[in-house]
Number of protein chains: 2
Amino acid sequence: MLSAESVHGGTTAGSDSTEKRILSAALRLFASKGYGAVGIREIAQEAAISTAALYHYMRTKEDLLVALMTDRMQRIIDAATIARDEYPDAARRLVGLVRVHVVAHARFPDGVVDNEVRSLGPETRPRIIALRDEYQALWEGVLDDGRAQGVFELEEPRLAKLALLEMCNGVVHWYSPRGAADLDRVADAFAGMALALTGASRAGSRLRLADLDLPPASRYLAIVTGAYRDAI
Amino acid sequence: MLSAESVHGGTTAGSDSTEKRILSAALRLFASKGYGAVGIREIAQEAAISTAALYHYMRTKEDLLVALMTDRMQRIIDAATIARDEYPDAARRLVGLVRVHVVAHARFPDGVVDNEVRSLGPETRPRIIALRDEYQALWEGVLDDGRAQGVFELEEPRLAKLALLEMCNGVVHWYSPRGAADLDRVADAFAGMALALTGASRAGSRLRLADLDLPPASRYLAIVTGAYRDAI
DNA sequence: GTCTATAAGCCGATAGAC
DNA sequence: GTCTATCGGCTTATAGAC
């Protein structure tokens with residue numbers, strides 16, 4: 001049966017396992033057309049098997065969605081945690097979270113997680129919501145720390161968290177790849193806007209991305225591709 | 001046949017016209033479940049008519065979506081234009097756009113416009129995209145003016161526009177009404193964050209919402225409810 | 001594990017009576 | 001303008017052979 005772990009690769013290089021082909025096809029289709037608009041025939045055809053064979057790997061179509069969402073959430077939580085823990089200060093931590101989120105959403109179809117929670121039934125929804133809350137807690141923690149340290153100036157940290165996340169989520173709606181340099185540009189522009197939005201400052205003057213002496217954007221690309229290794 | 005104008009009321013108070021009931025039911029269902037997940041039987045039942053009668057008012061299900069999206073886009077363009085033209089300076093204009101957008105998205109199911117463009121066919125999509133571009137041009141104009149006036153500090157105004165719009169769109173995903181005072185609080189928090197994100201400043205110091213001496217939030221609520229009068 | 005065949009029901013849309 | 005009845009096709013999911 002499908003599970004988050006089973007998304008990871010493990011077959012000999014060259015030909016993907018049937019399971020991985022199914023998950024890959026489903027993710028691609030769900031992301032582009034929406035869960036409700038994708039039929040299992042379509043998934044089966046894209047994975048080059050029959051619809052009946054599909055049911056050897058999954059119990060219901062919704063299981064497929066849950067497996068994909070769980071996998072994506074766990075991967076981005078992993079990547080975000082790594083990025084956060086690389087620095088102790090809230091400003092650099094925030095930049096890490098933004099860069100990871102933007103890069104992950106631009107390079108992988110992670111938008112399904114944000115958009116398809118409503119497609120989940122009452123039994124599966126709470127599990128995904130819990131993962132989403134875990135991820136949001138990461139952001140909330142950084143914002144609260146930054147406020148306590150006097151780095152951020154936020155009147156409504158909870159609303160700021162939601163604003164930042166939605167602003168970064170939006171990337172999936174308009175970003176289309178134009179090379180790695182372009183992705184870096186977008187990720188850094190968003191990191192800069194996040195610093196501005198949170199009112200980040202040091203010694204009374206506005207803190208900009210360039211002031212933080214961070215490693216090049218490729219560092220964050222590496223974190224994301226690491227956490228998404230063998231991802232579908 | 002359905003059109004944006006026909007959404008406006010005109011019947012004697014008390015009982016809505018069949019047309020309005022249909023549009024109202026469709027909008028509510030599309031917004032909560034997504035266009036693809038809603039059947040015409042469901043719309044018909046919610047509007048208390050048969051599916052056949054539905055086809056007296058529309059040609060296809062997609063027509064229904066197009067009519068709703070066109071209506072919403074035109075209304076928010078109207079409201080945003082009014083809010084923008086109340087002040088000549090870019091900072092107050094930006095605050096007006098943000099407040100109108102947040103209030104409209106929180107009080108009306110305007111999220112369909114943002115989320116369902118992918119459900120449109122190749123014939124209807126360009127018409128909605130054109131309206132969306134018109135609305136975005138309003139935002140872009142304010143950002144460009146503010147930059148020219150030295151009020152905003154933006155390295156990537158086009159990305160800033162997208163970030164601001166997505167951040168405001170996100171309100172539909174988490175906002176649930178807790179009274180008018182709460183909506184004002186959210187709208188003003190977002191206006192403040194927009195000023196911060198754009199690096200708004202005057203005489204070298206950061207420009208905050210309170211510095212702008214704007215009328216109470218009810219003014220923007222009035223603009224929105226005016227533009228959305230008789231809206232479904 | 002994968003197939004063909006099919007069940008049971010919903011899909012958008014239409015015919016034709018009133 | 002609204003109805004009942006229905007078309008052809010698609011939906012999720014299953015039975016049973018191999």
Side-chain angles (χ1 to χ4, degrees), chain A residues 1-3 6-7 9-12 15-27 29-30 32-68 116 118-124, chain B residues 1-3 6-7 9-12 15-27 29-30 32-69 112 116 118-124:
Chain A
M1 203 55 48
L2 289 177
S3 75
S6 59
V7 176
T11 45
T12 43
S15 72
D16 282 345
S17 70
T18 305
E19 186 170 20
K20 205 171 168 182
R21 284 205 323 277
I22 293 169
L23 289 161
S24 168
L27 180 60
L29 289 166
F30 290 166
S32 77
K33 306 174 63 173
Y35 173 78
V38 177
I40 52 162
R41 286 155 216 282
E42 213 172 348
I43 300 170
Q45 189 168 30
E46 199 80 0
I49 53 165
S50 67
T51 62
L54 213 50
Y55 282 86
H56 177 74
Y57 294 92
M58 69 187 201
R59 206 170 51 82
T60 65
K61 181 185 159 193
E62 191 184 329
D63 275 2
L64 209 46
L65 180 62
V66 172
L68 291 169
E116 300 291 2
R118 65 175 170 196
S119 302
L120 297 170
E123 223 230 86
T124 53
Chain B
M1 202 56 48
L2 289 177
S3 75
S6 60
V7 177
T11 46
T12 43
S15 72
D16 281 346
S17 71
T18 304
E19 186 171 21
K20 206 172 169 182
R21 282 204 325 274
I22 294 168
L23 289 162
S24 168
L27 180 61
L29 289 165
F30 291 166
S32 76
K33 305 175 64 173
Y35 174 78
V38 177
I40 53 162
R41 285 164 176 77
E42 212 172 347
I43 300 169
Q45 189 169 32
E46 199 78 1
I49 54 165
S50 67
T51 62
L54 212 49
Y55 282 85
H56 176 74
Y57 294 92
M58 70 187 201
R59 206 171 53 81
T60 65
K61 180 186 159 191
E62 191 184 330
D63 276 2
L64 209 46
L65 180 61
V66 172
L68 290 169
M69 288 176 119
V112 278
E116 299 291 1
R118 67 177 170 194
S119 302
L120 297 170
E123 222 230 89
T124 54

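Here CD1 of I22(B) is found 11.5 Å from CD1 of I40(B). Values are rounded to the nearest 0.5 Å. One finds the CD1 atom of I49(B) at 10.5 Å from the CD atom of E19(B) (value rounded to the nearest 0.5 Å). E116(B) CD to E62(B) CD: the interatomic distance, rounded to the nearest 0.5 Å, is 11.0 Å. Here the straight-line distance linking atom CD1 of I43(A) with atom CE of M58(A) works out to 6.0 Å at 0.5 Å rounding.
Using a 4.0 Å cutoff on non-hydrogen atoms, the parts of residues 49-59 of chain A near DNA chain C are I49(A), S50(A), A52(A), A53(A), H56(A), Y57(A), ordered by number.
Shortest non-hydrogen contact noted between V38(B) and K33(B) is CG2-CB, 4.0 Å. Contact between L23(A) and A67(A) at its shortest, heavy atoms only, is CD2-CB, 4.5 Å. F30(A) and R118(B) make their closest contact through O-NH1, 4.3 Å (heavy atoms, listed as atom of the first residue, atom of the second, distance).
Rounded to an integer number of Å, the gap from CD of E62(B) to P of dC11(C) is 18 Å. To the nearest angstrom, C1' of dG12(C) lies 5 Å from CD1 of I40(B). E42(A) has its CD atom 17 Å from the P atom of dC11(C), to the nearest Å.
Put simply, the residue from L120(A), L29(A), L64(A), L65(A) that forms a side-chain contact (heavy atoms from CB on, under 4.5 Å) with Y35(A) is L65(A).
In summary, contact between chain B and DNA chain D, defined as any nucleotide atom under 4.0 Å from a heavy atom of the protein, begins and ends at dG1(D) to dT4(D) in the 5' to 3' direction.
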